[in-house]
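All remarks here apply to the structure that follows.
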Amino acid sequence: MSTDLHDPLFNPSNRLPNNYRAYRRMVNTRLLQILRGNPGCRFLEIGVGPILRRELFRTIDDNCIEYVGLDLEHVCAKRRADLAAAGIANRDIRFLGNVVGTYLFNLIRLARHQETFDIIYLDGNHSIYVDLAAAIAAVRLLKPSALFLFDDVRFAFGGRHIINASTQYAKREQTEQLTEDEANEPHVTIIIRDYLIPLFGFEVERSLSDPDWVALRAPKFTPWIRT
Ligand SMILES: C[S@@+](CC[C@H](N)C(=O)[O-])C[C@H]1O[C@@H](n2cnc3c(N)ncnc32)[C@H](O)[C@@H]1O
């Protein structure tokens with residue numbers, strides 16, 4: 001396995017982006033490039049987000065991509081309405097909302113319906129309490145050699161990381177449940193570095209990754225992948 005606890009990608013001294021807005025634009029561009037390079041793929045986004053990303057959904061529509069987005073039900077309802085208003089009426093774009101709790105049960109339901117995906121993007125709660133379980137449930141949904149993408153990899157609830165508004169909300173909620181040390185650890189890094197890579201044999205796609213945005217490639221053959 002080419003990645004371990006000392007992988008330079010996870011070195012805590014890697015510099016943070018100094019222009020967070022520019023960094024977000026770069027991340028969006030990278031996601032669009034990945035999707036355009038995989039027309040007809042099945043794409044699961046865990047954490048749809050509070051803002052309609054018109055270009056993303058146009059790209060999904062134009063490239064006949066089957067999209068499933070998971071978020072709180074009120075966020076999903078808003079996105080459904082936004083897409084209808086934007087004239088993007090596509091039956092292959094679905095939003096599954098959770099009214100309470102987390103998206104975990106919707107991930108379990110997708111697995112029960114034998115749904116699998118070529119690309120999964122985990123950009124939701126960023127807390128280990130929510131996203132470690134979600135990441136493991138998502139592993140069950142990946143096709144062989146699928147991509148598993150992660151944003152805000154170095155975000156820490158206790159840190160001074162530059163963050164967007166939706167993460168700020170999660171930050172208030174989570175810090176009450178964490179000690180200072182736990183809040184200062186980047187939870188998404190723990191999920192990727194300490195669990196997904198060593199337990200499931202994912203490889204880092206170096207050309208698509210940086211310290212804040214990591215792309216993992218699922219193995220070709222494993223017992224946990226449904227073929
Ligand atoms: C950072 S935003 C997603 C941004 C989006 N992927 C993008 O690229 O613009 C995180 C999303 O995760 C959702 N989220 C956080 N905790 C959640 C939970 N417990 N259940 C469902 N959704 C949750 C939030 O509502 C928010 O919309």
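Predicted model only: the values in this text are computed from it and were never measured. In listed order, ligands and their atoms are each counted from 1.
For ligand 1, the polar-atom distance check against Gly47 finds a nitrogen or oxygen pair separated by under 3.5 Å. Some N or O of Asp71 is nearer than 3.5 Å to an N or O of ligand 1, by distance alone. Residue His126 has no nitrogen or oxygen atom sitting less than 3.5 Å from a nitrogen or oxygen atom of ligand 1, judged on distance alone. The shortest N or O to N or O distance between Thr102 and ligand 1 is not under 3.5 Å.
When only modelled atom types and interatomic distance are considered, Asn90 and Tyr67 share no side-chain donor-acceptor pair under 3.5 Å. A donor-acceptor contact closer than 3.5 angstrom links the side chains of Ser13 and Asn11. For Arg36 and Thr59, the side-chain atoms include at least one donor-acceptor pair closer than 3.5 Å.
Side-chain contact check for Asp7 versus Arg193: every heavy-atom pair is 4.5 Å or farther apart. Side-chain contact between Val68 and Leu70 is present, with heavy atoms from C-beta onward closer than 4.5 Å. The shortest side-chain heavy-atom distance between Leu56 and Asn28 does not fall under the 4.5 Å cut-off.
Listed by number with element, the atoms of ligand 1 under 4.0 angstrom from any heavy atom of Leu72 are 20 (N), 21 (C), 22 (N), 25 (O). Close approach of ligand 1 to Val48 is summarised as follows: ligand atoms under 4.0 Å from at least one heavy atom of the residue are 5 (C). In the vicinity of Gly49, heavy-atom distances shorter than 4.0 Å reach the ligand 1 atoms 2 (S), 3 (C), 4 (C), 27 (O). Near Asn125, meaning under 4.0 Å from any of its heavy atoms, are these atoms of ligand 1: 15 (C), 16 (N). Ligand 1 places these atoms under 4.0 Å from at least one heavy atom of Asn98: 20 (N), 21 (C).
For atom 18 (C) of ligand 1, the candidate residues are Gly101, Gly124, Gly69; the nearest heavy-atom contact is made by Gly101.
Annotation: Phe105 is not in aromatic contact with Tyr103 [ring centroid separation under 6.0 Å not met].
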